[in-house]
*Asks:* 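My structure is below; once you've seen it, I'll send some questions.
Values below: every heavy atom of this structure, side chains too, minus hydrogens, waters and symmetry copies. Position 1 is the first residue of the sequence; numbering continues from there.
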Amino acid sequence: MGKVDLAALRISPCEGQTVKHASSIISFTMGAMIVALGAADAAIAAPEQIGCYGDNWGPTLAMLEPTPTGPMTFKIIRCLPIPESWPRIIPPSLSPNVDFVAAFGFAKGFWLGDVTRGGRAYTTTKRLPGDLLKRTVPFAWLHDSSAVIGVKYDTRVLSGSARGTLRPYLFALDGTQIKLPELVHPNGPLDEIYWIGGSGLALAGFGTKGNFGEPEHGERKPTLALVDARNGTILQSVEKESVPELADQKSIQAVTSQIDAFGKAHVAVAWAPGKWLLWVQGQPPRVVPISSTARSTPSVLSSDASSILIMANLSATGSICEFGASCPPPTPQSGTIAELRDVSTGRVKWTLSGTASIFSHSAVPAVSPDGRYGLISLPDGQRNAIALVSMDTGKVVQKFQQPGWGPTGLSFSPDSKFAIVAAGTTMATFAIEK
């Protein structure tokens, strides 16, 4: 609605008009404005509820309203058909077309189905690999949303004892599991894998750690490789010891990747206790001067793979007491919440700082495919929030309270028109104005 100039409503006697009706005219006009604005506000502030039962959703809807007014608008809250009893350790994983969802339960297995209630749903009850401490699992959606690509333990008898090795599989929407070619390297078995994009390309670790808690074997030579798991081929490989700067690094903490406009993979690997390895497909990997070393570093490469958005896991400190024991309040901590760095040089492009007054842990951030916005979690007074930030400046554009549904997954739609927050058995969708 355009502005109404109240001065234009002023009635002048010298123009042959009478004053006695002026107040009624103004009252009528203002009443019409209020009705119209109220109707517009109702239309804007009424997100659609899908599959969510009961009439107590008011506080949740209010909590998810972004402030201040800006490019992001709360549109849909959807209750997913994931079983309520499913472990809430890993955020649910939405397919690129947002029609399907996968939930991972480690020892409990893997749930795959439609986002709508009453649709397809399949459960794999077999124990699947993953890292509970880092809250990561080696599964990802194919780019066409037709299946999830991942790995299972293949058990074989070697030297009289059972050994578990990882084998790539496709988990299809009809519940079938398709065994893919085995990934083999002479320097050791496949111990870990991190998917790149949605075509089957991956960063693989051979001989990098023991399986099922086994110690490392003397004959192993820890090796990283870029692989095509759909075809079972090794595209490039490098032994860890051939990169001298990695000699004192013990294990991989986090991996983020991106496919550039020419189809090449860019992979950033955070090592413990504190170095970063950058590997561009077709080039040798190299250590880059990035100093962010938060444990289990949540990070994401920008859409053009030139920058990396790194979360600092800013949190208050103190004791966490259980079973009703009394604890002193957390001690607030101030510092970096997130920073954007040039991934090749380590140069800091911007830093977002703040204070954490409660215990918190950063969610893995997301960057819109058009490169305009980032979606991050951040401490916000006596709560945690989800914020839309400018990728150019690091400024918080809008924010809303982080829901307490469980570990939170953040993402954007492939066309950058929607931001999505998913946790537990619920997801919220926000429209992004261009």
Side-chain angles (χ1 to χ4, degrees), residues 1 31-95 97-105 108 111-123 358 360 363 366 375 377-388 397-413 417-433:
M1 174 177 288
M33 289 173 60
I34 292 170
V35 170
L37 289 172
D41 288 344
I44 293 173
E48 184 180 5
Q49 294 177 233
I50 302 177
C52 300
Y53 305 129
D55 55 3
N56 58 344
W57 286 91
T60 299
L61 299 180
M63 175 183 70
L64 294 171
E65 282 294 340
T67 59
T69 301
M72 182 168 62
T73 305
F74 181 25
K75 287 295 186 181
I76 301 171
I77 186 167
R78 180 189 291 273
C79 294
L80 302 168
I82 301 170
E84 286 289 342
S85 61
W86 202 259
R88 300 190 182 190
I89 304 170
I90 300 294
S93 176
L94 295 165
S95 63
N97 64 7
V98 201
D99 287 339
F100 312 104
V101 61
F104 307 93
K108 191 165 184 176
W111 185 95
L112 178 67
D114 294 352
V115 297
T116 54
R117 294 186 182 275
R120 287 171 286 191
Y122 304 96
T123 302
I358 62 173
S360 61
L375 199 62
S377 62
L378 50 74
D380 186 29
Q382 293 299 314
R383 63 181 188 178
N384 292 314
I386 303 298
L388 186 74
V397 180
Q398 289 172 280
K399 63 183 178 181
F400 55 88
Q401 186 175 338
Q402 182 173 346
W405 303 327
T408 302
L410 307 175
S411 62
F412 287 90
S413 60
K417 292 182 178 180
F418 297 94
I420 302 167
V421 177
T425 60
T426 311
M427 62 178 281
T429 304
F430 302 80
I432 306 288
E433 289 183 2

*Asks:* Tell me the closest heavy-atom pair linking F412 and A419, and the distance in Å.
*Replies:* CE2-CB, 3.9 Å
*Asks:* Look only at the side chain of S377 and the backbone of A363, and say whether a donor-acceptor pair between them is shorter than 3.5 Å.
*Replies:* yes
*Asks:* Can you check whether G51's main-chain N or O pairs, donor with acceptor, with R78's side chain at less than 3.5 Å?
*Replies:* no
*Asks:* State, with a plain yes or no, whether a side-chain heavy atom of T429 is found less than 4.5 Å away from one of E48.
*Replies:* no
*Asks:* If we ignore hydrogens and angles and just use 3.5 Å, is the side chain of Q398 paired with the main-chain N or O of P68 as donor and acceptor?
*Replies:* yes
*Asks:* Identify the two heavy atoms, one from G424 and one from I82, that lie closest to each other, and give their separation to 0.1 Å.
*Replies:* O-CD1, 3.8 Å
*Asks:* Taking all non-hydrogen atoms of both residues, which atom of P47 and which atom of I76 are closest, and how far apart?
*Replies:* CB-N, 4.3 Å
*Asks:* Nearest 0.5 Å, please: how far is CG in L375 from CD1 in I432?
*Replies:* 7.5 Å
*Asks:* Looking only at heavy atoms, what is the nearest atom pair of W86 and F104, with distance?
*Replies:* NE1-C, 3.4 Å
*Asks:* To the nearest 0.5 Å, what is the distance between CG (L80) and CZ (R117)?
*Replies:* 8.0 Å
*Asks:* With a 4.5 Å cut-off on side-chain heavy atoms, are V101 and W111 touching?
*Replies:* yes
*Asks:* Could you report the tightest heavy-atom contact between L378 and A387, atom names first, then the distance?
*Replies:* CD2-CB, 3.6 Å
*Asks:* Once rounded to the nearest 0.5 Å, what's the spacing between atom CG of L410 and atom CD1 of I386?
*Replies:* 5.0 Å
*Asks:* So, for A423 and G406, which heavy atoms are closest and what is the spacing to 0.1 Å?
*Replies:* CB-O, 3.6 Å
*Asks:* Are Y53 and C79 close enough that some pair of their side-chain heavy atoms sits under 4.5 Å apart?
*Replies:* no
*Asks:* Do F74 and F400 make the cut of ring centroids closer than 6.0 angstrom?
*Replies:* no
*Asks:* Hey, are the side chains of R88 and T425 touching, using non-hydrogen atoms and a 4.5 Å cut-off?
*Replies:* yes
*Asks:* Return the CG to CH2 distance between L64 and W57, rounded to the nearest 0.5 Å.
*Replies:* 9.5 Å
*Asks:* Calculate, to the nearest 0.5 Å, the distance between atoms CG and CZ belonging to L94 and F100 respectively.
*Replies:* 11.5 Å
*Asks:* Would you say that P71 contacts V397 through its side chain, given a criterion of any heavy-atom pair below 4.5 Å between the two side chains?
*Replies:* yes
*Asks:* To the nearest 0.5 Å, what is the distance between CD1 on I77 and CD1 on I50?
*Replies:* 10.5 Å
*Asks:* Give the intermediate values and the outcome of side-chain contact (heavy atoms from CB on, under 4.5 Å) for residues Q49 and L61.
*Replies:* CA-CA 9 Å; Q49 294 177 233; L61 299 180; 3.6 Å; yes
